[in-house]
Amino acid sequence: MPKLHLRRVAPVAVLALALLALAACGGDYPNSTFSKNTELNDGAVFIWDRMMLLGTIVFVVVEVLLVYTIFKFRRREGGPAPRQIHGNAALEITWTAIPALILVFLAVPTVRTIFENQRKAPANALQVEVIGHQWWWEFRYPEYGITTANELYLPIGRTVNFSLRTRDVLHSFWIPQLGGKRDLIANKVNYIWFTPKETLSPAALNGACVEYCGASHANMRFRTFTVTAADFDKWVAHQKTVAIGSPAAGAAAAAADSAAKAKPAVPVKTASIIPVAAPAEPTVPEAWVFPADKLPAYAIPSTPMPATAFDDALLAAGDAKAGRELLMNPANLGKAPCMTCHVVKGETNYATDDNAKGPNLTHFGTRHTFGAGLFRNDARTLALWIKNAPAMKPGSVMPTFGVGEFNPMIKQQVPAAAGLDDKQIADIVAYLRSLK
Ligand code: CUA
């Protein structure tokens, strides 16, 4: 074996390390937390930088002394015994005091940041309730009466105060580019708050559960959309409404219609010019969501699909009305019990937001993803999901519905009498995708 000569190896090693360090600084890191996009991350980045700087200085000084000592005082044949330093008070005080001083420079900003982070949010902050479920995220905006899932919209420039709860086990909330992590703990409400800075451009950011919570912990993701205040207002105005096509939407339209008929648009001067009421305009504001063509690649799911077959012709011919009838008619609850676990605002609901096992689906058709950020919200993926969700997401509470499909949770095939055929699934898909 050839002998390794330090003089030859050292420059190569230094070069390799330098290249490695340089490579680590480049590139696009969508899940990096060193992005100073909020005051919360500013604090964390400051402490990290300080720690890195002091740690690097200590490392370099210690290594230089170490290498110097190894060579300078190495054992030589016949040399004298080294001088002993045990009991050298001055030396011991010095090497205790220096680290203590360094720790002070770390501890002071750390403690200060901890107290800053634990302060109460400003009173005018946007309140968002975050509720963790195995394995998806519920987001409520109590100020607006909105309940949604897995897609969080935040206005740039406004402080947001999250209250964190869990419906089952421990989870942890983290949007690396904005802030976190903070745990969702049973029987306790935790808080975290931050302000997406004015300098931030509208963006789609990844979020994740960062506390191990069972089979699909790694599949408990979400998207955060930081949007302009004006776009946020548009999003809110639409998300507040009931589902399109629901009886409540019909009632609202009828009420608007009769109100328009009752009140003339211009002051009536004489009986002969009473204007004819215009036909009622649709009362649902146009859906505003983060534009699909602006989604960065990292925010578009690429989860592998199961090999389950589905007839594309059936999907294209899916009938939203028939799908709605399947879900909403109590006579179909045995076959399609969707509404016992999901809420659609304005429809017949058997569950409430407080006991629903699955996400609120009111404006499901406006979401880019489903399954807690795992899947693209397209007809085919959704059809496969309804057919056999547990085959696509381990431990899924949503059962297998496709006739003849094998449910890995209960290790049973769905009998023809109890399940949904592809036509029925295609109709349900059409209905769900119509919930804009
Ligand atoms: Cu929820 Cu991990």
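Whatever order the structure lists ligands and atoms in, that order sets their numbers, starting from 1. In this chain, residues are counted from 1 in sequence order. Please read all numbers here as calculations on a predicted model, not as lab measurements.
- If you count the protein N, O or S atoms nearer to atom 2 (Cu) of ligand 1 than 2.8 Å, you get 4.
- In Phe105, the CZ atom is not crowded: 12 or fewer heavy atoms of neighbouring residues, nucleotides or ligands sit closer than 6.0 Å.
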Donor-acceptor contacts, no H, no angles, side chain residues 173-181, under 3.5 Å, sequence neighbours left out:
{"residue": "Gln177", "atom": "OE1", "partner": "Ser35", "partner atom": "OG", "Å": "3.4"}
{"residue": "Gln177", "atom": "OE1", "partner": "Asn37", "partner atom": "ND2", "Å": "3.1"}
{"residue": "Gln177", "atom": "NE2", "partner": "Pro30", "partner atom": "O", "Å": "2.9"}

Lys393 vs Trp135, side chain to side chain contact (heavy atoms under 4.5 Å, CB included): CA-CA, chis, key distance, verdict: CA-CA 9 Å; Lys393 185 169 174 177; Trp135 287 274; 4.0 Å; yes

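- Using cut-offs of 30° and 60° for the angle between ring planes, the Tyr141 and Tyr144 rings count as tilted.
- For Trp193 and Phe162, the gap between ring centers reaches or exceeds 6.0 Å.
- Less than 6.0 angstrom separates the ring centroid of His368 from the ring centroid of Phe225.
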